[in-house]
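One structure is given here, and the rest of the page talks about it.
Numbered from 1 within each chain, the chains take letters A, B, ... in sequence-line order.
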Amino acid sequence: MKVVIPVDENGKTVCVAFARAPYFLVCDTQADQGELMENPAASAQGGAGIKAAQFVLDTGAEALITVRLGENSAQVLQEAAVRIYRSMDGDAEKNLDALKKGALSELTEFHAGFHGRA
Amino acid sequence: MKKLLILSGKGGTGKTTVASALISLSGARAVADCDVDAPNLHLALKPSGAPERRDFIGGKKARIKPLACVGCGECVKHCRFHAVRIRHDTAYVDEIACEGCGVCQLVCRAHAVRLLDDVAGELTLYRKEGAFSSAELKMGRGSSGKLVTEVKLALFGAAKNEPLAVIDGSPGIGCPVIASISGVDLVLIVAEPSVSGLHDLRRLCQTAEQLRTSVAVCINKYDVNEKKTEEIEAFCREKGLSCVGRVPFDEEIARMINESHTVFELKGAAREALEQIYQKTMLLLQEPS
Amino acid sequence: MRVAVLSGKGGIGKTFVSTNLAASTRGSVYVDCDVEEPNGRLFLPCESAASKEVCIALPTFDPQSCTGCRACVDFCQFNALAFIGKTPRLFREVCHSCGGCRLICAVHAVGEQSVSVGSVEVGVSHGVQVVTGEMNVGEASGVPVICAALAEALRLHSELTVIDCPPGSACTVTESISAADYCLVVAEPTVFGVHDLGMVLRLIQTVGKPCGVVINKCNGAFPATELLCREHGVPILARIPYQKELAACISAGRLAVEESEEIWRIFTALKERIGGAV
C-alpha cells in the first residue's frame, strides 16, 4: 500500500504542516525505500490545502500520515477514500512502521482553512 | 501557547486601545497586529529595535506588453473584473482591479500577456523584546486573509515558547477577520453601546459561531448609552457569551494613547474596569477549549 | 455629484457624515458600501424597501462530458479545483468566479450556476433614497455586493449621491470610490487617526480623485492632522465638535442634522464647499 507523509527539509522528520510542507515522502508498506518529492503547493498563493491533497491523490496513495489537516484537504482525501492517520512523535520511518503494525489511530479532527483568498 | 484575539465588528470601538491595555497588564511578549489594512498597534506599543522586513507576495497580476498587443479586445470582453481596458487601440490592465486569474492570457492570440508575482504588502517582525508581528497591505489589494495568516505564522514561529499571544484584529466580518479567528483559543469582542455597535456585534458573533470559536464580550464607553449597554448584556446572556466587563468613557484613555502612556498610568474607574476585563479574560483562556 | 466618504480607520464617523450629508439634501441618494457591517439604514430606516439578491456565477462540471484532461484544474490560479474520481470538484470559498475553467474546457463540460452572496435593498427615508448593500455572513469578499449596490445607486438620478465606504484601504474601498467625483475623508484628531489619514490620502492620490477632509470629534486643534493636510495640499472643509449630546444622539440611531441647528449649518456649509470644489 502506498503511503504519503509530509516531511521537513531533512527528509526524515514529520512536518507539522501538511499543505505547506516542503517535501512529501511517498513510501510503500511493501518496500524499503521511499521517494522524496517536492510539494507543489508549498508556495501556492491560495488553496494550498486543495493542491497538496490533489498531489496525494495523484501518487495513487491509499493513506496519509500527518500531524494535522485542514478542512479542504480532508474533504478531497475523504471523497477519494484515502485513509488519514494521526502522526505520532518521531520520524517518518517510525510512523510507517507503526502504520504497518496497525498502531496509528485515524485523524478525525480537521482545522479551518487559513484563507488564502481575496 | 494560548492565543487571544481582539475584534470589534464595528470600527472605532476601542479594540486596539483595549488590546494594548491587556498586553501591558498581562506582560504578553508575543503580539501581532492583524489589522493589515490600517495597522495601529505599533503606535500604542512602540516596539524597539530595527524590525525584519519582507515583501508579501499576494497573488499575481496581469501585465500586457503594449508592442505585442494587436488591440483585438478579447481580453476586455472576457475579464470578469473590468480590469482590462483599451486606450489608443492597445489593451492595458488596471493593477488594482486585476485579480490575477489568467483569463486574459488564456484568450490572448498575440501572446501579449504576462502573469507576474504581485508584491501586495510588507511584513514586519520586531524581535528585540519577545516578538511583535505586523504587516501593511498595499492599497486596493485583495489578499488580506493570506497576509493575516502570514502575520500570525511569523509570530508563532518567532515566539514558540511564549505562554500567551495577544492578537489585535481588524474591523468587519470578512476575509481578514475569518483568517485571524482560525486557531485562536478565545475571541474578545470590544463592543460599543450604540445602535450600530449592537448591530455589528450580532453579525460578528454569527461569524465566530460559524467558525466554532469561544467568544467573550466587553463594552467600551458604556456610560454613553446605558440602555444600549443593557441590551448588549442581554444579548450576551441570550447567546451564552461571557460578558467580562464594561469600561466607562474617560478622556484620559485617549490621552493615554496620544501621549504614549501605558495603562499603568491610568487611574480610577476606567483602570479598574480594564483590570477586571484582564482578570476575567485570563480565567476564560485557562479553561480547556 | 457623487461624493465618496471614507476614513481608513474605522469608527471615525463615515456613516455619521454620509447619512447627515445625504439627509441635508432632499432627494439625494445614500448608498452604503460597507457591506460587511452596513449601518446607514439604522439612521435612515425605510418603511418598505425592495430587496434584490446579489449572485455570483460558480462553475459546474458535467461528469458525462468530462474527459478527465484536467486542463481546468491546472489552469486555476487559485487552486479551487480538485480532480477526484471522474470529475473536478469545486471549493467555492477559494473560487474567484473568473470563468477561466469554462473557457479552457475543450468539450464544454463546464457550466455555471448562480449563487447568492448578499443583497441590495432600496427604499426611502427622511427624503433620501437609501441603497444598502449587505454581504451574507460567512462570505469572504464583499466586492460583488459593493458593485451591485453602486450599480443600483447610479441608476437613481439625483443632484447628490453619497457613497458610504468601508473602513481600510483594500479592494473593497477602491471599488467603492471608483465611481466617485470627489472623496471626502473623515479624520480624527488622535495618533491612530493621523497615521490612517496619511494612508487614505495616499490611496486617493494614487487613484487621482479630488478630495477634502472633515475633522470629526474635534476639541481644539490637533497640529499633526492640520500639518498632514497641508503637506498633502488637501483642504479642511469642516470641523465637527465632539459633544456628549451628539454622541448620545448617534448611539441612539438618530440623525444629528434633524436635532441640532449647529450641525445642520455645518453640513449645509460642507455641501456647498464640496460643490464648489467639484
For [X], is it the side chain, the backbone, both or neither that has a heavy atom under 4.5 Å from a heavy atom of chain C?
X: B:K10; value: both
X: B:I96; value: side chain
X: B:E136; value: side chain
X: B:L115; value: side chain
X: B:A120; value: neither

Q.
Below 4.5 Å, heavy-atom pairs only: which of C:D34, C:T174, C:N39 has the largest tally toward chain B?
A. C:N39
Q. Based on non-hydrogen pairs under 4.5 Å, which of C:G193, C:C98, C:G100 is most in contact with chain B?
A. C:C98
Q: Could you go through the side-chain contact (heavy atoms from CB on, under 4.5 Å) check for C:M135 and B:I173 one step at a time?
A: CA-CA 10 Å; C:M135 183 187 83; B:I173 58 169; 4.2 Å; yes
Q) Heavy atoms under 4.5 Å from chain C: which residues of residues 218-227 of chain B carry them? A)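 From residues 218-227 of chain B, the residues near chain C are B:V224, B:N225.
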Q) Which of residues 100-109 of chain B have a heavy atom under 4.5 Å from any heavy atom of chain C? A)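 Expected list: B:G100, B:C101, B:G102, B:V103, B:L106, B:V107.
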Q. Hey, mind stepping through C:F43 and B:V195 against side-chain contact (heavy atoms from CB on, under 4.5 Å) and telling me if it holds?
A. CA-CA 9 Å; C:F43 298 90; B:V195 166; 5.7 Å; no
Nearest heavy-atom pair of [X] and [Y]: which atoms, and what distance?
X: C:S97; Y: B:R80; result: O-NH1, 3.2 Å
X: C:P167; Y: B:P171; result: CG-CG, 4.1 Å
X: C:M199; Y: B:D37; result: SD-O, 3.0 Å
X: C:R202; Y: B:M139; result: C-CE, 3.8 Å

Q | Sub-4.5 Å side-chain heavy-atom contact between B:E192 and C:S251 | A | no
Q) Which residue pairs pass the salt bridge (Lys or Arg N to Asp or Glu O under 4.0 Å) test when at least one of the two sits in residues 94-104 of chain C, sequence neighbours left out? A) C:R102-C:E112
Q: Could you note down all residue pairs passing salt bridge (Lys or Arg N to Asp or Glu O under 4.0 Å) where residues 169-183 of chain B supplies at least one of them, sequence neighbours left out?
A: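 Listed once each, the pairs would be none.
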Q: Keeping the roles fixed (side chain from B:R203, backbone from C:E36), state whether a donor-acceptor pair exists under 3.5 Å.
A: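 It does hold such a pair.
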(Q) Checking B:N258 against C:F222 for the side-chain contact (heavy atoms from CB on, under 4.5 Å) test, could you report, in this order, the C-alpha distance in whole Å, the side-chain angles of both residues, the deciding distance, and whether it holds? (A) CA-CA 11 Å; B:N258 283 339; C:F222 193 75; 4.2 Å; yes
